[in-house]
Amino acid sequence: METFLQVLANGLMLGALFAIVSIGLTLIFGIVKVVNFAHGEFLMIGMYLTFVVTGWLGIHPLYTIVIVAPLLFLAGAATQRFIIQPLMSARDDHIQIFATVGLSTALINLALLIFGADIANTPSGGLRTPVEIGPVRVLSGQLFILIAAIALVIGLRLFLQKTQTGRAIRAVAQNRAAAQLMGINVNRIYVLTFGIGAACVGLAATLIAPLYPTSPNIGTYFVLTAFVVVVLGGLGSIGGAFVGAMVIGLIDSFSGFYIGSDLREVAVFGVFLLILILKPSGLFGKSLNLSHVSP
Amino acid sequence: MLTLENIHAGYGATTILQDVSLHVTAGEVVTIVGANGAGKTTTLRTIAGLIRPSSGKITFEGEDITKLSAHETVELGVTLIPEGRQLFSDMTVLENLLMGSYRKAARAAQHDTLDYVLSLFPRVKERLAQNAGSLSGGEQQMVAIARGMMAKPKLLMFDEPSLGLAPIIVQQVFEVIDTIVKTGATVLIVEQNVFHTLKAADRGYVLENGEIVLTDDAEALLSNDHVRQAYLGI
């Protein structure tokens, strides 16, 4: 029983990690309708920033949130304004996707140029200390990730439901032309949303950097799972991404322990395929109009 | 208040409006009459800033708005209630109405305007918490009109408000428009029900193949032989 609870706790912690990485991605997809293939590299930049700022200022890695998240907001907003937006009028929507793939490659190589291929270890700041909760042990940093992921889901939901700007963001996602007729500057909403999505992954980066070594390729490690989570949860659904992440985390953890650690990914992707066959729009997805991503 | 001078506009390489000139004076109710595809909707969309004219000039209250985007035109007080309602279907009726007063000039008075608009639309008031997409077509049209009024526009434009509605609902929509007209609003309306619209309007323009072929007082148009034959079926 204790082992079972420990495996359960590990799965939830892993799920929280996937959730916090995925929330920004699903937000950007849901509103701007752009699949951001540079999302993992935003995470990577955030982790390097956490590493650098922690070293320079000698502060606890968690405090770097106040610097890293705003910087990532600016990076995201600039990506939308100067890369995606000029391509919005392009006949073929795929061009935007190629642009984010190009950005991803460019950022990885930029990181290689600046930091080299060696890994960078951000000081853990005590976040790798095990904490005992009843019969299970988790790292304090993992708990912070879980709390932050839940807070982020609730916070974004409140923002989107209760504020005028949040409602405007949803209005743009639902009916772009009608939103313009309300006086909403659609391009500005896209820039804002991309910025918020990137800031979310910046927040994730400051929490992940103390636990995982940072390298130029760290983004690709996380982002494949993030895409699975986003599709599983229902493209664009923030709550869905959270639940999807937990499902993936739990399957990963349980199959790794009870079936064999080599077969974890087989189990994860097997369940993923099964859910997609049974419910193509994902766990919480509406039957989305995907005309902008299909040929 | 609103002036269009020699407007040419269309979609891509297709020109629809040819040399369209018209004006709306404050407090007037003006209608554009024409067959399907004549360019009525294009005219309204061009004024709203959704389509940029290839040549010509649009002024609103003396300001050149030819090159403004839709959201900038709304800020100046021009609101279009689009054809096909175009509600935010996954948002509640209340949220739709609140989006209507996104315009800066309307935002401060949001709650007063809401009370006023709901007094005009008792049916809408009963549906505030429902998702807009779950309403019937007639109710959705009422919400679309109410949402347009939430912007406290100086000029309110209607694009085919009765399209696709059952006759009894059409009657209700016209009653609502009549009520709005009686408040002294400035209105530009495009509507397939020519007879009723000309009855409610002060002046009208007849648009054929993208060109204005006739303009006169609404009463005079009602008795005009061409209008009677082509649009009233008399």
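Atom set for the values below is all heavy atoms of this structure, side chains included, hydrogens, waters and symmetry mates excluded.
Between B:Glu75 and A:Gly183, the shortest heavy-atom contact is OE2-O, 4.3 Å. Here the closest heavy-atom approach between residue A:Arg170 and residue B:Asp90 is recorded as NH2-O, 4.5 Å. What you find for A:Ala168 and B:Tyr102 is that their closest heavy atoms are CB-CE1, 3.6 Å.
Only the backbone of B:Leu87 comes within less than 4.5 Å of a heavy atom in chain A; its side chain stays farther off. For a residue to count as touching a neighbouring chain, one of its non-hydrogen atoms must lie under 4.5 Å from one of that chain's; by this rule B:Ala151 does not touch chain A. Contacts between B:Arg107 and chain A at a heavy-atom distance below 4.5 Å involve the side chain alone, from C-beta outward. Of the atoms belonging to B:Leu50, it is side-chain heavy atoms, and not backbone ones, that fall under 4.5 Å from chain A. For a residue to count as touching a neighbouring chain, one of its non-hydrogen atoms must lie under 4.5 Å from one of that chain's; by this rule A:Ala173 does not touch chain B.
Residue B:Asp64 places its CG atom among more than 12 non-hydrogen atoms of other residues, nucleotides or ligands, all under 6.0 Å distant. Counting non-hydrogen atoms of neighbouring residues, nucleotides and ligands closer than 6.0 angstrom, the CZ atom of A:Phe98 reaches no more than 12 such neighbours. Counting non-hydrogen atoms of other residues, nucleotides and ligands closer than 6.0 Å to CZ of A:Phe159 gives a total above 12.
A heavy-atom distance below 4.5 Å is not found between the side chains of A:Met182 and B:Arg103. For the pair A:Leu181/B:His71, no side-chain contact is recorded, criterion being any heavy-atom separation below 4.5 Å from C-beta on.
Checked by atom type and distance alone, the side chain of B:Glu95 never pairs as donor or acceptor with a backbone atom of A:Arg167 at under 3.5 Å.
The greatest number of non-hydrogen atom pairs below 4.5 Å with chain B, out of A:Gln164, A:Gln180, A:Gln161, is found for A:Gln164.
Distance check: A:Asn175 CG to B:Ser89 OG gives 7.5 Å after rounding to the nearest 0.5 Å.
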